[in-house]
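Only heavy atoms go into these numbers, but all of them, side chains included; no hydrogens, no water, no symmetry mates.
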Amino acid sequence: MSAEEERDGVRLTNLDQPLFDGAEATKRDLVDYLDAVADRLVPQLAGRPLSVIRVLRGQKPFMQKNLPKYTPPWVRRVTVWAETSQREVSYALCDDRRTLLWFANQRAVEYHPPLALAADPGLPAHLVIDLDPPEGGPFSAVVGAAHLVRRALDGCGLEGAVKTSGSKGVHVFVPLDGRTAADDAAAATRALAARAERLDPALATTAFIREDRAGKVFLDSTRAGGATVAAAYSPRIRPGTPVSFPVPWDDLDGADPHAFTIRTAARLLADRDPWAELMPAARPLPADLVEEGHTIPIARVQAMHEGKRRARARRAQG
């Protein structure tokens, strides 16, 4: 089998190289997997300024936002002003199989789109809660916290879909009606996390500062605004190269996140698109949920101020 070939006009090289240490996969495995799921992954990426995580031989993984100068001219792109770095960033729009294959050949393993289209950056399509277990905590704890989020959704007339993150946690996605402003969606996410926490504060927490979580599952409500989330079906740079994979709510208790990898996921999917199938219809956000959220401080901002306060206190104690 040749280490080089061409698909859809994209030259693919060094296909027999290991993907990364512990991947249990080659670059060909990555290309074959992404090609097999392109018709289900590309719709999640299309029209969105895409960040990817690449892993080059002998280097640590790195996130790429700005397209390199050698990017082919046929790769669609959009320029976005980055407030943090005070510069314009040229993001790719992965709108087709050809572009996805080009990224695969660049050893782009992870695919992180934002929640809104480039054409409507202020109107997110989903709100997301990212659930992370405590250090060394079992996946069953994350599953229990996900059910808290589902109960909180039920309590306000909303529905969501759940998928493994491809790492240690899960993502709960709630579709929006396309008319919800980003700040209201972010507020609703904070309120939803807070309501889930109140259902079982011994299991779940919204504490952003790690040392304040006391061994609980973290309900991360900060995946809002311009934040990105690993797409369903995206591989992750973890041992065994797992994949973020949709799971029906009724099957979540028995799910094994390690079972979904770039070697197994395409076969498990066959011709189906469970992420599209499991995603419920969008509903308007309840006004009381949004109002509650606007009374809750933004976690990252609150944590920054609290961190500075604690640092001053430690210095004062000598």
Test log, rule side-chain hydrogen bond (donor to acceptor under 3.5 Å, both in side chains), inputs Glu197 and Thr206 = CA-CA 7 Å; Glu197 178 185 30; Thr206 57; 3.0 Å; yes
Side chain of [X], backbone of [Y]: donor and acceptor closer than 3.5 Å?
X      : Y      : answer
Lys27  : Thr13  : yes
Thr241 : Ala23  : yes
Trp249 : Gly160 : yes
Gln44  : Ala232 : yes
Thr189 : Ala185 : yes
Arg48  : Pro114 : yes
Arg213 : Phe208 : yes
Asp120 : Gly122 : no
Arg223 : Thr228 : yes

Tell me if the [atom1] atom of [X] is crowded by more than 12 foreign heavy atoms within 6.0 Å.
X      : atom1 : value
Glu135 : CD    : no
Lys168 : NZ    : no
Arg198 : CZ    : yes
His294 : NE2   : yes
Arg76  : CZ    : no
Asp256 : CG    : yes

Considering the options Asp29, Val31, Thr26, which one meets the side chain to side chain contact (heavy atoms under 4.5 Å, CB included) requirement together with Leu15?
->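 Filter result, single survivor: Val31.
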Please step through side-chain hydrogen bond (donor to acceptor under 3.5 Å, both in side chains) for the pair Ser244 and Lys163, ending with a clear verdict.
-> CA-CA 6 Å; Ser244 180; Lys163 64 183 181 71; 2.7 Å; yes
Looking at every heavy atom in both [X] and [Y], which two are closest together, and how far apart are they?
X      : Y      : answer
Ile298 : Arg190 : CG1-NH1, 3.6 Å
Leu34  : Ala108 : CD1-O, 4.2 Å
Ala186 : Ala224 : CB-CB, 3.6 Å

Is the closest basic N to carboxylate O distance between [X] and [Y] below 4.0 Å?
X      : Y      : value
Glu110 : Arg238 : yes
Asp35  : Arg97  : yes
Asp8   : Arg98  : no
Arg195 : Asp288 : yes

Gap between atom [atom2] of [Y] and atom [atom1] of [X] - 0.5 Å precision:
X      : Y      : atom1 : atom2 : value
Asn105 : Asn14  : CG    : CG    : 8.0 Å
Leu285 : Leu127 : CG    : CG    : 6.0 Å
Asp95  : Leu45  : CG    : CG    : 9.0 Å
Phe218 : Arg210 : CZ    : CZ    : 8.5 Å
Asp132 : Ser167 : CG    : OG    : 7.5 Å
Leu30  : Arg263 : CG    : CZ    : 11.5 Å

Determine whether [X] and [Y] make a side-chain contact, defined as any pair of heavy atoms from C-beta on separated by less than 4.5 Å.
X      : Y      : result
His126 : His171 : no
Arg7   : Asp32  : yes
Tyr111 : Ile53  : no
Leu269 : Val37  : yes

Evaluation steps, salt bridge (Lys or Arg N to Asp or Glu O under 4.0 Å), between Arg40 and Asp273 = CA-CA 6 Å; Arg40 286 151 285 191; Asp273 184 356; 5.9 Å; no
Sequence neighbours left out, what passes ring pair (Phe, Tyr, Trp, His ring centres under 6.0 Å) with Phe103? Give chain and number order.
-> none
List for me each residue that meets ring pair (Phe, Tyr, Trp, His ring centres under 6.0 Å) alongside His112, sequence neighbours excluded, and say none if there are none.
-> none
Among Tyr233, Phe245, Phe173, find the one that has a ring pair (Phe, Tyr, Trp, His ring centres under 6.0 Å) with Trp275.
->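 Going through Tyr233, Phe245, Phe173 one by one, the ring pair (Phe, Tyr, Trp, His ring centres under 6.0 Å) with Trp275 is satisfied by Phe173 alone.
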Any chance you could pull the hydrophobic cluster mates of Tyr91, using side-chain heavy atoms under 4.5 angstrom and chaining through other members?
-> Val78, Val80, Val89, Leu93
What do the steps show when you test Gln17 against Arg107 for side-chain hydrogen bond (donor to acceptor under 3.5 Å, both in side chains), and what is the final call?
-> CA-CA 11 Å; Gln17 290 180 353; Arg107 303 176 72 100; 3.0 Å; yes
